[in-house]
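In what follows, a single structure is set out as structure tokens and then discussed.
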Amino acid sequence: MQEQLSFLRENHFKHTGVNSWQHIPLQDEPFVGDWEEYVTDIARKGALAALQKRLVQLNFPVKEGMSDNSNYRLATRRGLDTLLMPETTGVELKEPDRLEIYLYQTLAGRIPVIFVRNRSDFETLVRVFSHRNEPVPVPASMGACMIKGYNNWDRVKKYKEKWHKDNSHKENLDFLWGLEFEKMKSRKDLYQDTFLILSDKEYSNVPAEMLGISQDEWRRLSLVVRREHEATHYFTLRLFESARNHLLDELIADYMGIVAATGSYKARWFLYFMGLENYPAYRSGGRLANYIKDKELSDKAFETLISFVKNAAWNLEVISEKYAPEIYTGEGKYKMLMAMSKV
């Protein structure tokens, strides 16, 4: 059983060079400046059109086998122009006019957000950016997605244009650009982006009546929880070089999301999100299943696992309330995040 649960002891967070509170939030990453331009362009073209001009995957439909299509590969892997490609019929969204694009301030700097109100459109965008335009199933409990390491060919194109302008006096520009491009590939900050895709559905697919609050209020709070949850993943990615589909990451991110939404930590909410509100019973569809789907656990190991999850949630609430209200201030939340990441 210990071997089956060994994944619980995994901690991939690196704490070398961690910043003090005085240096938080971090400076924006370079891609934020480009997304400022995208956001500005929305007023003239609309959100979808503005993004299609820059994010090449949006020019292709979600279709089985699309990831193996030769033109799709040329466009997404080599940045070739899609103008004359017959496959670029565009992604189909049910409510494209309800897309919102904005920059959200996190502890790790601002991050672009694509906010989607239509559930079907959310699933489509997840398939586009996380699954290479393939029509894979999206879990009902999933309401957000962080896209990291995204190769933004629009940024490559702008870099190339500036380089040619700055070096127009030189000979053999095509050859020299080839050398420059090889150097550029080693600088991921010059062409890779991170952004969030958020929906406005109930967080973790938990209905409002379960929590005893109104549906409108729960949808409002769900967005706050979800956005701060993903912002926390972005923070650990930048500062600790890791953001994974792991129970420790989820415990930390849900903690920060719940505190952002309600002003304090509620262990009961976290257990609802995991499907453990009636512990020791597990509710099918709870998010816990998302983090153990590749694990082979015996009945005894699963019983031990849910006991660990339940105890961790309640211990966090006890500790938080003991040191409230200081622990719920900006600096307090930062210190708590640091402490949890060292478990």
Side-chain angles (χ1 to χ4, degrees), residues 10-39 55 100-115 125-126 129-130 142-152 155 187-199 203 222-263 265 316 320 326-343:
E10 295 176 0
N11 187 327
H12 293 258
F13 297 137
K14 298 178 182 179
H15 293 91
T16 55
V18 170
N19 296 59
S20 65
W21 171 245
Q22 287 69 30
H23 297 95
I24 300 297
L26 302 182
Q27 289 187 346
D28 293 340
E29 292 195 82
F31 60 78
V32 172
D34 294 272
W35 280 80
E36 284 182 321
E37 177 187 319
Y38 302 170
V39 171
L55 310 186
E100 294 181 27
I101 319 295
Y102 60 89
L103 295 168
Y104 179 63
Q105 180 67 60
T106 78
L107 295 175
R110 290 182 298 168
I111 187 170
V113 173
I114 303 176
F115 178 46
L125 292 180
V126 170
F129 292 112
S130 285
M142 180 182 184
C145 183
M146 181 171 73
I147 307 301
K148 54 186 178 181
Y150 175 77
N151 292 334
N152 188 335
R155 294 180 65 202
R187 290 277 311 278
K188 293 183 178 180
D189 60 302
L190 294 177
Y191 62 90
Q192 286 194 346
D193 299 4
T194 302
F195 58 91
L196 307 181
I197 306 173
L198 303 182
S199 73
Y203 190 70
S222 287
L223 177 58
V224 178
V225 176
R226 179 173 290 120
R227 187 170 54 199
E228 197 62 30
H229 175 111
E230 297 302 324
T232 302
H233 285 317
Y234 178 54
F235 174 88
T236 65
L237 181 64
R238 279 203 77 183
L239 261 74
F240 307 149
E241 300 179 33
S242 181
R244 297 159 55 250
N245 198 36
H246 188 275
L247 274 171
L248 175 58
D249 295 62
E250 295 304 301
L251 180 70
I252 295 171
D254 267 10
Y255 177 93
M256 297 296 286
I258 293 169
V259 171
T262 69
Y265 181 65
L316 272 177
S320 297
E326 290 82 4
I327 203 168
Y328 295 132
T329 64
E331 184 174 3
K333 288 188 287 186
Y334 175 67
K335 289 180 177 178
M336 189 64 174
L337 194 160
M338 295 292 292
M340 287 189 289
S341 71
K342 296 178 180 179
V343 172

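When a residue number appears, it is its place in the shown sequence, counting from 1.
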_For a quick check under 3.5 Å, do Glu241 and His12 share a side-chain donor-acceptor pair by atom type?_
no
*Is a side-chain donor-acceptor pair under 3.5 Å present for Gln192 with Asn151?*
yes
*Can you measure from CD1 (Ile111) to OH (Tyr102) and round to the nearest 0.5 angstrom?*
11.0 Å
*Smallest separation among heavy atoms of Pro112 and Phe31, with atom names*: CD-CE1, 3.5 Å
*Mind checking side-chain hydrogen bond (donor to acceptor under 3.5 Å, both in side chains) for Glu230 and listing every partner two or more places apart, or none if nothing turns up?*
none
*Judged by atom type as modelled, is there a donor-acceptor pair below 3.5 Å linking the side chain of Tyr328 to the main-chain atoms of Tyr265?*
yes
*Does a side chain donor of either Asn19 or Tyr334 reach within less than 3.5 Å of an acceptor in the other side chain?*
no
*asked:* Is it true that Thr232 and His229 share a donor-acceptor pair across their side chains at a distance under 3.5 Å?
replied: no
*With a 4.5 Å limit on heavy-atom distance, are the side chains of Ser320 and Tyr255 in contact?*
yes
*Taking only residues two or more places apart in sequence or in another chain, which ones pass side chain to side chain contact (heavy atoms under 4.5 Å, CB included) with Ala243?*
Met146, Lys148, His233, Thr236, Leu237
_Check: Gly143 main-chain N/O paired with Arg226 side-chain donor or acceptor under 3.5 Å_ = yes
*Does Ser341 offer a backbone N or O that forms a donor-acceptor pair with the side chain of Asn11 under 3.5 Å?*
yes
*If you measure from CE on Met336 to CD1 on Ile252, what distance do you get to the nearest 0.5 Å?*
9.5 Å
*Rounded to the nearest 0.5 Å, what's the gap from CD1 on Ile147 to CD1 on Ile114? Could you check?*
8.0 Å
*asked:* I need the Tyr38 OH to Leu103 CG distance, nearest 0.5 Å.
replied: 11.5 Å
*Find the distance between CG (Asn152) and CG (Asp193) and round it off to the nearest 0.5 Å.*
4.0 Å
*With sequence neighbours left out, write down each residue that passes salt bridge (charged side-chain N to carboxylate O under 4.0 Å, His left out) with Glu37, or none if nothing qualifies.*
Arg54, Lys158
*Within-4.5 Å side-chain heavy-atom neighbours: Thr106 and Pro25*: no
*Would you name the heavy atoms of Ala231 and Tyr104 that are closest together and state the gap between them?*
CB-CE2, 4.0 Å
*Measure the shortest side-chain to side-chain distance between Leu316 and Leu251 over non-hydrogen atoms and say whether it is less than 4.5 angstrom.*
yes
*Side chains of Leu26 and Leu239: closer than 4.5 Å at any heavy-atom pair?*
yes
*Can any side-chain N or O of Ser242 pair as donor or acceptor with the backbone N or O of Phe13 at less than 3.5 Å?*
no
*asked:* Once ring pair (Phe, Tyr, Trp, His ring centres under 6.0 Å) is applied, do any residues pair with Phe129, and if so which ones, sequence neighbours excluded?
replied: Tyr150, Phe195
*asked:* For Arg238, give me all partners under salt bridge (charged side-chain N to carboxylate O under 4.0 Å, His left out), at least two apart in sequence or on another chain.
replied: Glu29
*So, Arg155 side chain and Asp189 main chain: donor-acceptor pair closer than 3.5 Å or not?*
yes
_For His246, side chain to side chain contact (heavy atoms under 4.5 Å, CB included) partners two or more places apart_ = Phe7, Glu10, Arg244, Leu248, Asp249
*Using the six-membered ring wherever Trp is involved, compare the ring planes of His15 and Phe240 and label them parallel, tilted or perpendicular (cut-offs 30° and 60°).*
tilted
